[in-house]
Structure formats: C-alpha cells, structure tokens
Amino acid sequence: THTPNQEDRQMSTPARPPSLHDYQPPLQTGGPARPRTVTIAATVLIAQAILGLVGIAVSFTFRDNLLEEKINASAIGKHLAGVPTDISLFGVGCSVLLSVIFLVLAAFVLRGSNPARITAWVFSGLGLLLGGRVLYSSPSPAKEGPGWYEANSAVAIVLLLALTINVAIIVLLAMRPSNVYFARRRA
C-alpha cells in the first residue's frame, strides 16, 4: 500500500502559469552593469599602451638620422656619440613601463576600481602636459628642412595622437555614466 507523499502530489498537480508576482530578477554577481563610457575608456587606455610601443618603433626607425644630425650639429661633436644611445635606451625602458602601467590600469578600470580611474586621470594629465611641452618646443617647418625634420614630423604626429587619446581618457572617465558606475562600485 502506497501513501502519496509530497513528490507524488507535485507530479500529479498541473503546473500553473507564472504570474507577475512570481517574477524574480536575475541575480547580478558583478554589481551594476558597466557603462559604455568605461569600456571605451579602457579600450583607449589599451590603445595608449599600444601607441607607446609604436612610438618606440618610430623612434628606432629614425634613430640613425636623429643621432647623426645631433652629433654633427653639436659643438662637442663626436664626444656625444654614446650619450644619445643611453638616453634612447632609458626612453625605451620608460615607454615599455608606461605601456604596462596603461594595460594594468585598463584592467582595473574595467573592474570598476576608482583608484585606477584616478591614476588613469593622473597619467593622462601628465601625458597632456609633457606631450604639449614637446610639441610646443619642436621646431617650425622650413622649406628645406634638415634631415631630422622628417623624423620630427613623424614623432609630432604620434604625439598629437597621444594627446587626443589622453583627452579622451580624461573625458570618458569623467562623464556622468562613469561617475555613477564608480560610485556604485564603491558602495
């Protein structure tokens, strides 16, 4: 003799259609949805890192022209032959380090880290100041420019792109959707 238990009763009772009162919103595991401005800012940070590596490639492409012109134009001449190489190696190391920093910042910005957002603002602001200073101090074009002018023009184009990227990072991370996202992540 079999007595019906709870499972048997559930199997024999037809299921009723769900009502509006039965709705349960899906659980959000990662907090509020990330706005598009934050995603784009992180993508631009990654582009900044890639641009730093491209800058290294551009500087190595025109390195011989720049070194030759600097050595020939200097009053000391051949005594400076080793110094620009050491400086360029230092610059390469700094560019690689900054590229790594921008990649790490992009990862943390995507996660909603407000300290990473502030650090990205600081690095982008410094990039604006330094890049603007380099562009301001670059020589003006001449009809028959020296050999280094072609290299300087390529560097100026890369610097203008870097300045634009820095402005984009600052603006995207300061927009209202970004502010709301980072404020909710802190709460």
Side-chain angles (χ1 to χ4, degrees), residues 18-63 66 87-141 150-187:
S19 70
L20 291 177
H21 300 290
D22 293 337
Y23 175 74
Q24 294 290 327
L27 294 176
Q28 290 184 352
T29 57
R34 181 175 54 234
R36 191 174 289 181
T37 56
V38 174
T39 304
I40 294 171
T43 304
V44 173
L45 281 166
I46 293 168
Q48 180 76 353
I50 292 170
L51 185 64
L53 298 176
V54 168
I56 293 171
V58 167
S59 66
F60 273 121
T61 302
F62 296 109
R63 182 174 165 250
L66 290 170
I87 292 173
S88 66
L89 289 177
F90 176 74
V92 167
C94 288
S95 292
V96 169
L97 179 65
L98 282 174
S99 293
V100 169
I101 288 172
F102 278 119
L103 289 174
V104 170
L105 283 174
F108 281 104
V109 163
L110 284 173
R111 291 183 184 170
S113 170
N114 199 44
R117 175 178 126 167
I118 293 168
T119 306
W121 276 336
V122 169
F123 274 99
S124 296
L126 289 174
L128 279 173
L129 292 174
L130 295 174
R133 174 67 178 126
V134 170
L135 279 177
Y136 177 75
S137 66
S138 63
S140 60
E150 181 182 337
N152 194 30
S153 297
V155 170
I157 290 170
V158 171
L159 277 173
L160 283 172
L161 184 57
L163 291 175
T164 305
I165 285 175
N166 285 324
V167 169
I169 292 168
I170 291 169
V171 169
L172 286 167
L173 291 177
M175 292 179 76
R176 181 170 167 73
S178 298
N179 285 334
V180 170
Y181 174 69
F182 286 102
R184 285 185 184 164
R185 295 293 290 189
R186 276 185 286 171

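Closest non-hydrogen pair, Val167 versus Leu128, comes out as CG2-CD2, 3.6 Å. Counting all heavy atoms, side chain and backbone alike, Val109 lies closest to Tyr181 at O-CE2, 4.4 Å. A pairwise comparison of heavy atoms in Thr37 and Ser178 identifies OG1-OG, 2.6 Å as the closest pair.
Checked against side chain to side chain contact (heavy atoms under 4.5 Å, CB included), Asn114 has the following partners two or more places apart in sequence or in another chain: Arg117, Ile118, Phe182, Arg186. Residues forming a side chain to side chain donor-acceptor pair (under 3.5 Å) with Ser99 (at least two apart in sequence, or on another chain): none. Applying the side chain to side chain contact (heavy atoms under 4.5 Å, CB included) criterion to Ala120, with sequence neighbours excluded, gives Leu45, Leu105, Ile169, Leu173. Under the side chain to side chain donor-acceptor pair (under 3.5 Å) criterion, Thr39 pairs with Arg34, not counting sequence neighbours. By the side chain to side chain donor-acceptor pair (under 3.5 Å) test, Ser124 is found to be paired with no residue, residues two or more places apart in sequence or in another chain being considered.
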Residues 46-54, side-chain donor-acceptor partners within the protein, below 3.5 Å, at least two apart:
{"from": "Gln48", "atom 1": "NE2", "to": "Asn166", "atom 2": "OD1", "distance (Å)": "3.4"}

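Interatomic distance, CZ of Phe123 versus CD1 of Ile170, reported as 13.0 Å (0.5 Å rounding).
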